[in-house]
Each structure stands twice: as structure tokens, then as C-alpha cells.
Student: 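Got a structure for you, questions after.
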Amino acid sequence: MTDAPIDIAAHPSLSSIDRADWDACACPESSDGRPIDPFTTYRFLKALEDSGSVGPGTGWQPRYLTAAIEGHIIAVAPLYAKGHSQGEYMFDFNWAHAYENAGGRYYPKLQMAVPFTPATGRRFLTRPGFEAVGMSALVQGAVQIASDNELSSLHATFCTEGEAIAAAEMGLLHRTGQQFHWENKGYADFDGFLADLSSRKRKNIRKERSTAQGFGGEIISLTGDAIQPHHWDAFWQFYQDTGNRKWGTPYLTRAFFDEAHAHLRDDILLVLAVEDGVPVAGALNMIGRDTLFGRYWGCTAHFPALHFELCYYQAIDYAIAQGMARVEAGAQGEHKLARGYLPVATHSVHWFADAGFRDAIARYLQAERDAIDHEIEVLTSYGPFRKDNREEQQ
């Protein structure tokens, strides 16, 4: 069957792709439970599209990719034509500046990614049994689309390490970055996690949690049907506040949270701090099969240490209670190190139409990878774990 011609198509809307076909490639494991990666599911990407968070006027124009053999879809990819580099979290602003200074036109480009989501997961989504041929078809198809349309480049961000290695063997350039993740070592409870830390860090976290939990209200964790529409009204205010401070303009529309309530609430853990019946701060997490993904935080007033409690410690509590392997706390933030989140490498792959620019980027990426490796090693050595546990944690 794999000797038959493979047809590649780009689609401007998920509506033109059957939901079952997409999810058979994106999350085949979800037939017997949660998907490993909730962000590449049809329902999540469709919520972005239906809410207007991607599409006309956003700089994220969908070009969802499919690879089919005799009409049977074997692979898909979340692909977008980008008019800017915002909302990516593995940024190429310097590349764009250099390219345009040299007289080139960097935008539009192709981006294989989950918009606004710095979470590692498969980007080359294949049906079981079609992993190699499906990924090869998606890579060749995306490069061909970029070349045929005279686009500067193709980028697949926050892919898995295995995908990055395979794509590099196909001629794409491999880039690494860094995030902070918490790993569950089979802890029975939060105190079990604290026991692995140095005495000073353990005391600091206990003090921080006590301060946060004494803010004057209660902290509640909601998922599924426990999340009500008025909770989204409150969280929208939190999200706008954070978005205005960090990005200038929030990426997600208000309608996205309505879509989330309708189609994604079983995938969401919403942690709220409530004072006199009114939510005053909140953190939104997405629930994967073995990973809790911290995504958004916001508040309407400042409360000491509440950010750390809602975003990091409540996430650890939930992961331990659910037997999850890790918590991914999103982009940036060396302050996470003191709270038990250790540095890990993230991966992306890149193709450039211009051979000279490609060679320059290749040299840069080698130096950057060496620097990232060194930084991860140094930061890990400064982690909060007891010295006798550090080798195990690495």
C-alpha cells in the first residue's frame, strides 16, 4: 500500500477534513482514554478556528496538511501561513530582521505548530503503521508548498526530539530551546516531593504555600461539568490582564473560552482563587494522558505568592493525585527552578529557501545548541533537590 502515490493537500479549514481522520492521526490512543497531547486534537484546533483566534486578520492562516494514499488519510499536520512571528514562543525575530536587511522578504512563512502553545508534542501526525512514510510525505509536502509559493521558510516548532532527529536526516535544520518541567518520581503526596528537596528550599516552599493560601479566600480546582460559564467570564478578565501586560494584545478571543466550555472542558483543569464568592485569580491547565500543561494565569489584584500556588504547586498536587508523570509549566521562567521545575530541552526544525541564509542559520544553530546544553547543565546543578538526588533528577 505504501508504494502507491501519496496525495498532499493543504486545507483552509478543518471543516474540510473529517474529524475521525484527523484524530486517527493526531491521537489514535484516545480510543481508550485521554489523548497524549490535547493540543493537536481536532476539537482544540477547531476551537481556535471557530473562535476567530486564528484565521483572517490574525496572521495565522490555516493550511492544514493532509497526506493520503488512494483517498485514505495517513498523516496530517497543523500548518499555518504566518504574517508575523508572534505567538510562537520559539522566536525567529532576529532571523526575520537579518533576512529583510539582506533584501529578502521573510513573511509570509509556513509554521507547523499549535498556535500560542509552547508545549512539546508531535507535529507530524501519522496513523499507526505509517510513521516513517507519513512524516516523510508531510515534510516533502510542506517544503514543496513553501517552494511553489516562493515563501522564505518552513518551521515546525515544539516537535518531539525524535521528530527533530528524523527531520534533520531529511535535510531540515534542528534547533533547541529550553523550558522548565516538573517530574513525578512516584510521589505519594506533596510532602513526598518536598522530602527530595534541600532543607532550605523545602522550608521556602512551605512558607510560600502558607502565605498564598492565607490570601483571604479559598482555592478551588474545577474540571469538566464543574466549570460553569461564569467561571469563563472571570477567567477572561484574568487572561486579558496578563495578555495586555505580556503581549500587548491577547492572542485568544473571548469566543475561544465559549468554545472551550462547549468542547474542551473535560480537557481543562481550572484553578481559581475565590474571595467572598468572587474569583480574583486563576490558572488554566490542559490535561494530557500523563502530562499536565500549564497555560494561562491572571488576576485582578495582587496577592503575595498566589501566582506560584495556583500555577505551580496546585499543578503538582493534581499531577500527584492523578498519577501523572510531569507538569509542563510553559515558556520561560527561571523562577520555576526553585520550585522543583528543572530545565529540559525543547526542539524545532526549519527549512529555508535561500541556500546562503540556510548555511548561516546552520552555523548559528550549532552554537546555540551548545550554549543551551551548557545552560541546562548549569541550571540543573543549581536546582532545589538534595545533592544526593541531583544525579537521579538529571
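Remember, predicted model here, so these are calculated numbers, not experimental data. In this chain, numbering begins with 1 at the start of the sequence shown.
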Student: My understanding is that only residues two or more places apart in sequence, or in another chain, count here; which of them pass side chain to side chain donor-acceptor pair (under 3.5 Å) with His11?
Tutor: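 Counting only residues at least two positions away or on another chain, His11 forms a side chain to side chain donor-acceptor pair (under 3.5 Å) with Ser16, Thr66.
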Student: With sequence neighbours excluded, give me every salt bridge (charged side-chain N to carboxylate O under 4.0 Å, His left out) pair touching residues 348-372.
Tutor: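 Counting only pairs at least two positions apart or across chains, the salt bridge (charged side-chain N to carboxylate O under 4.0 Å, His left out) contacts touching residues 348-372 are Arg175-Glu368.
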Student: Going by side chain to side chain donor-acceptor pair (under 3.5 Å), name the residues that satisfy it together with Lys109, two or more places apart in sequence or in a different chain.
Tutor: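 Lys109 satisfies side chain to side chain donor-acceptor pair (under 3.5 Å) with Ser85, Glu88, Asp92, Gln111 only.
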Student: Which residue pairs satisfy the side chain to side chain donor-acceptor pair (under 3.5 Å) criterion with at least one member in residues 211-222, sequence neighbours excluded?
Tutor: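 Those involving residues 211-222 are Gln213-Glu309.
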Student: Could you pull out all residues at least two apart from Ser199 that satisfy side chain to side chain contact (heavy atoms under 4.5 Å, CB included)?
Tutor: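 For Ser199, the residues satisfying side chain to side chain contact (heavy atoms under 4.5 Å, CB included) (neighbours in sequence not counted) are Arg202, Lys203.
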Student: Just to verify, what does Trp232 make a side chain to side chain donor-acceptor pair (under 3.5 Å) with, not counting sequence neighbours?
Tutor: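 With neighbours one apart ignored, the set is His261.
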Student: Can you pull out every side chain to side chain donor-acceptor pair (under 3.5 Å) where at least one residue sits in residues 127-143? Sequence neighbours excluded, please.
Tutor: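 Found Asp21-Arg127, Ser136-Gln140.
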Student: Going by side chain to side chain donor-acceptor pair (under 3.5 Å), name the residues that satisfy it together with Tyr341, two or more places apart in sequence or in a different chain.
Tutor: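 Here no residue qualifies.
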Student: Salt bridge (charged side-chain N to carboxylate O under 4.0 Å, His left out): which pairs involve residues 149-172, sequence neighbours left out?
Tutor: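 Salt bridge (charged side-chain N to carboxylate O under 4.0 Å, His left out) check on residues 149-172 returns no pairs.
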Student: Under the 4.5 Å side-chain heavy-atom rule for ILVMFWY, direct or indirect, which residues accompany Ile372?
Tutor: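 Same cluster as Ile372: Ile376.
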Student: Once salt bridge (charged side-chain N to carboxylate O under 4.0 Å, His left out) is applied, do any residues pair with Asp258, and if so which ones, sequence neighbours excluded?
Tutor: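 Only Arg254 meet the salt bridge (charged side-chain N to carboxylate O under 4.0 Å, His left out) criterion with Asp258.
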Student: Please list all pairs meeting side chain to side chain donor-acceptor pair (under 3.5 Å) that have one or both residues in residues 28-40, counting only residues at least two apart or in different chains.
Tutor: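 Of all non-adjacent pairs touching residues 28-40, those that pass side chain to side chain donor-acceptor pair (under 3.5 Å) are Asp32-Arg289.
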